Asker: 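A single structure is presented below for examination.
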Number of protein chains: 2
Amino acid sequence: MTQTAQGSAVTLRDVAREAGVSVATASRALSPGVRNVRASARDRIMAAADKLGYRPNLTAQATSKGTTRTIAVVVSDIEHPYYSAIAQGVIEGAGPAGLIVTIAGSGYGAEDDLAVVRALRGLSPQMIILTGGGHGASASQDKLTEELRLYEARGGRVVAVGQDDLPFDTVVLGHRSGAAQLAELLAERGYTHPLLLGPATESTNAAEWERGFIEAAKASGIDIRDSDIHRSPITRDGAHALISRLARHGLRDADLIVAASDVMAIGAMTALRESGMEPGEHIGLAGFGNVVGAEDVTPELTTVELNLAAAGAAAVQLGLEAGTRRLRHINAEPILRESTPPRLFAH
Amino acid sequence: MTQTAQGSAVTLRDVAREAGVSVATASRALSPGVRNVRASARDRIMAAADKLGYRPNLTAQATSKGTTRTIAVVVSDIEHPYYSAIAQGVIEGAGPAGLIVTIAGSGYGAEDDLAVVRALRGLSPQMIILTGGGHGASASQDKLTEELRLYEARGGRVVAVGQDDLPFDTVVLGHRSGAAQLAELLAERGYTHPLLLGPATESTNAAEWERGFIEAAKASGIDIRDSDIHRSPITRDGAHALISRLARHGLRDADLIVAASDVMAIGAMTALRESGMEPGEHIGLAGFGNVVGAEDVTPELTTVELNLAAAGAAAVQLGLEAGTRRLRHINAEPILRESTPPRLFAH
DNA sequence: CTGAAAGCGCTTACAG
DNA sequence: CTGAAAGCGCTTACAG
């Protein structure tokens with residue numbers, strides 16, 4: 001393939017020539033929001049652009065303007081519905097503003113986010129939305145913050161979705177309040193011995209979820225000990241393996257498993273059944289997030305609706321307005337379904 | 001925010017000055033695969049870049065080189081696990097080559113793909129991977145092809161994942177052969193009256209799936225009439241609504257529902273149960289794709305493994321090698337599970 | 001309202 | 001191996 005292929009691209013210069021104006025005026029006529037071009041000239045230019053099939057070179061615009069009409073969203077795992085739901089919200093929010101959204105997958109560690117943000121910065125998006133959910137304090141986290149600050153200094157906007165452990169605009173999700181409400185309702189239904197199933201990786205989202213649940217449980221008279229808290233990879237298979245193992249040794253007196261995500265809860269559900277226990281009947285089961293699929297398992301899964309799409313859209317709004325370090329809260333609400341029926345001897 | 005913020009960015013010029021060389025040498029030292037720089041100079045330049053926290057401006061590189069070290073994958077719906085699985089495969093395939101992958105969501109029509117590709121072209125990715133699954137012949141489809149040809153003419157690579165109805169390199173998925181194998185196995189299990197549940201939107205993937213199933217069924221002595229084929233939106237809710245309606249009027253003599261995707265099958269499963277029929281027991285149920293969740297519903301869902309991640313990785317490989325209009329086939333394999341138990345009076 | 005010119009940050013023949 | 005210069009496609013003061 002020769003470099004000549006390059007030559008076939010229609011450029012602004014071509015449009016200008018066709019319309020009989022300078023590239024400067026052609027540029028003005030074609031950029032939205034610029035008024036100072038005579039109507040007749042504008043029309044000729046538009047027509048020429050159309051006729052030639054002109055498509056502006058966005059990267060050239062970017063090197064000239066220093067930014068691109070693009071939103072980059074960083075997710076830990078594109079296959080996890082938690083992230084796709086947020087991404088979908090971002091897309092919906094970006095559409096009206098005429099912004100293209102671009103999704104980049106990282107991984108579950110702060111260093112993963114860091115690597116992706118480094119690469120992304122070079123692409124000069126107008127906004128970077130982080131959805132990783134927080135990694136706690138660490139050297140990588142500090143470097144990530146520093147990298148993002150540099151990006152901001154160049155005029156970029158950064159917004160986080162999750163918890164407020166990054167010093168930027170943040171859409172705060174209801175991991176804590178949602179988990180607390182869930183704990184209260186489950187206590188009312190008569191559950192007394194919950195077992196918590198959290199992620200093995202550091203996650204501020206999960207930490208808030210855990211704290212919210214434990215505190216509210218305590219207020220309802222339920223004490224959750226450290227030995228009641230288990231951790232596995234934040235996937236269907238991770239939870240499945242853990243619960244299978246636990247079930248083999250007996251689940252002691254637990255009457256409820258509460259997972260940090262629906263995906264994990266669903267893996268646990270299958271593991272329970274394979275171990276001869278009927279979820280809902282022998283032991284209650286609750287998830288978190290109200291992800292697609294939660295109401296299609298049997299029994300239907302009790303969970304907490306996080307309103308992820310709304311959060312994604314809100315992140316775009318925050319990023320579009322000027323401001324710093326603002327927090328925007330999105331409410332969560334528990335949804336009780338068949339997997340946590342009222343216990344017989346409710347107090 | 002003033003434009004001066006821009007000034008704080010570290011540029012190649014800064015690195016060159018720090019190292020005491022020209023920008024040209026600095027550029028050479030920093031670009032991988034370029035040998036002609038004295039080792040000592042290279043070391044000084046690397047050190048300077050490191051010290052200053054230099055991050056190359058990828059958009060500037062792009063306007064200079066005409067391309068970006070980026071792969072753009074176009075998906076119809078990021079929330080659909082079919083697409084996230086392919087995207088995950090692309091990410092895995094792109095990593096070793098040092099390419100960033102960017103995911104853009106479109107919609108289910110050819111005109112949606114067209115709009116996204118237009119926007120994407122401006123970002124000059126090195127490769128565009130289309131996963132839409134084919135839209136059949138139409139004016140939009142022709143325009144899409146034309147747009148992609150222009151992109152190719154500028155040196156870009158395009159690869160499709162799905163069926164071979166686009167005149168570009170294609171990773172062909174086993175919709176047809178997978179569906180055919182499934183039909184044979186289900187016939188062996190004694191099913192005689194399948195009802196097909198396909199997507200309402202035009203899709204070559206689905207058309208192949210349908211043809212594969214019908215032909216193989218016929219070979220096994222099962223005749224599928226037009227009235228046995230139903231269509232709904234390609235979502236959980238779409239299938240749920242359709243099957244609910246059908247169940248109300250009675251499902252006639254159908255002993256099996258075969259859906260074009262697992263997500264649809266899972267929606268159908270819930271609808272059946274809500275209508276008082278036990279999936280697997282009263283009526284068999286099969287999906288397609290072996291998506292996360294398929295083995296976590298009750299009964300576990302019979303489906304066809306499409307090896308989507310492998311397909312995504314294969315697409316990257318195709319795009320990295322030179323060549324045109326090559327077809328690469330990825331095998332599909334049926335997975336029989338509890339949702340299609342052997343019928344009592346199998347022939 | 002318009003054009004000539006300088007500039008965005010980088011790459012790459014070209015000539016040493 | 002290295003530097004000065006031209007160029008990538010666009011934008012935007014500046015001066016009419």
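Values reported hereafter were calculated over all heavy atoms of this structure, with side chains retained and with hydrogens, waters and symmetry mates removed. Naming convention: chains lettered A, B, ... in sequence-line order (proteins, then strands); numbering from 1 in each chain. The model shown is predicted, which means the values in this text are computed figures rather than measured ones.
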Asker: Grab the NZ-P distance between K65(A) and dA6(C) for me, whole Å please.
Answerer: 22 Å

Asker: Taking the minimum atom-to-atom distance to the side chain of L12(B), which one of dC10(C), dA5(C), dT2(D) wins?
Answerer: dC10(C)

Asker: Between the protein and nucleotides 14-16 of chain D, list the N/O to N/O atom pairs that are separated by less than 3.5 angstrom.
Answerer:
none

Asker: Near DNA chain C, under 4.0 Å by heavy atom, which residues of residues 53-61 of chain B?
Answerer: Y54(B), P56(B), N57(B), A60(B), Q61(B)

Asker: Taking Watson-Crick and G-U wobble pairs with both distances under 3.5 Å, convert DNA chain D into its dot-bracket string, 5' to 3', dots for unpaired and | for cross-strand pairs.
Answerer: |||.||||||||.|||

Asker: I need the CG-C1' distance between D14(A) and dC8(D), as an integer number of Å.
Answerer: 14 Å

Asker: For R118(B), check salt bridge (charged side-chain N to carboxylate O under 4.0 Å, His left out) against everything at least two apart and list the hits.
Answerer: E147(B)

Asker: Take the protein atom CG of L30(B) and the nucleotide atom P of dC10(C), then report the distance between them rounded to whole Å.
Answerer: 9 Å

Asker: Would one find a side-chain N or O of S27(B) under 4.0 angstrom from OP1 or OP2 of dC10(C)?
Answerer: no

Asker: Can a side chain N or O of T11(A) be found less than 4.0 Å away from OP1 or OP2 on dG9(D)?
Answerer: no

Asker: If the condition is salt bridge (charged side-chain N to carboxylate O under 4.0 Å, His left out), which residues does R28(B) pass it with, not counting sequence neighbours?
Answerer: none

Asker: List the steps and the verdict of salt bridge (Lys or Arg N to Asp or Glu O under 4.0 Å) for R326(A) and E321(A).
Answerer: CA-CA 11 Å; R326(A) 288 159 305 168; E321(A) 304 155 8; 3.2 Å; yes

Asker: Would the base of dG9(D) count as contacting T63(A) through its side chain, where contact means a donor and an acceptor less than 3.5 Å apart?
Answerer: yes

Asker: Once side-chain hydrogen bond (donor to acceptor under 3.5 Å, both in side chains) is applied, what residue pairs with a partner in residues 39-51 of chain A remain, sequence neighbours excluded?
Answerer: E18(A)-K51(A)

Asker: Take atom P in dA5(D) and the same atom in dC1(D), then report the distance between them in whole Å.
Answerer: 23 Å

Asker: Check the distance between dT11(D)'s C1' and R69(A)'s CZ and give it to me in whole angstrom.
Answerer: 15 Å

Asker: Check the distance between dG9(D)'s C1' and R17(A)'s CZ and give it to me in whole angstrom.
Answerer: 14 Å

Asker: So, are R328(B) and D169(B) salt-bridged, with charged N and O less than 4.0 Å apart?
Answerer: no

Asker: Examine dC8(D): is either OP1 or OP2 under 4.0 Å from a nitrogen or oxygen in the side chain of S64(B)? Give yes or no.
Answerer: no

Asker: Tell me which residues in residues 36-49 of chain B put a heavy atom below 4.0 Å from DNA chain D, sorted by number, or none.
Answerer: N36(B), V37(B), R38(B), A41(B)

Asker: For D14(B), which residues count as a salt bridge (charged side-chain N to carboxylate O under 4.0 Å, His left out) partner, sequence neighbours excluded?
Answerer: R17(B)

Asker: R69(B): what forms a salt bridge (charged side-chain N to carboxylate O under 4.0 Å, His left out) with it, not counting sequence neighbours?
Answerer: none

Asker: Can you tell me if CZ on R13(B) sees more than 12 non-hydrogen neighbours from other groups inside 6.0 Å?
Answerer: no

Asker: Under the side chain to side chain donor-acceptor pair (under 3.5 Å) rule, collect the residues that match up with T25(A), sequence neighbours excluded.
Answerer: S22(A)

Asker: D164(A): what forms a side-chain contact (heavy atoms from CB on, under 4.5 Å) with it, not counting sequence neighbours?
Answerer: T170(A), V172(A), R325(A), L327(A)

Asker: Could you tell me how far apart L123(B) (CG) and dC8(D) (P) are, to the nearest whole angstrom?
Answerer: 21 Å

Asker: Of all residues at least two apart in sequence or in a different chain, which pass the side-chain contact (heavy atoms from CB on, under 4.5 Å) check with A110(A)?
Answerer: H135(A), S138(A), S140(A), Q141(A)

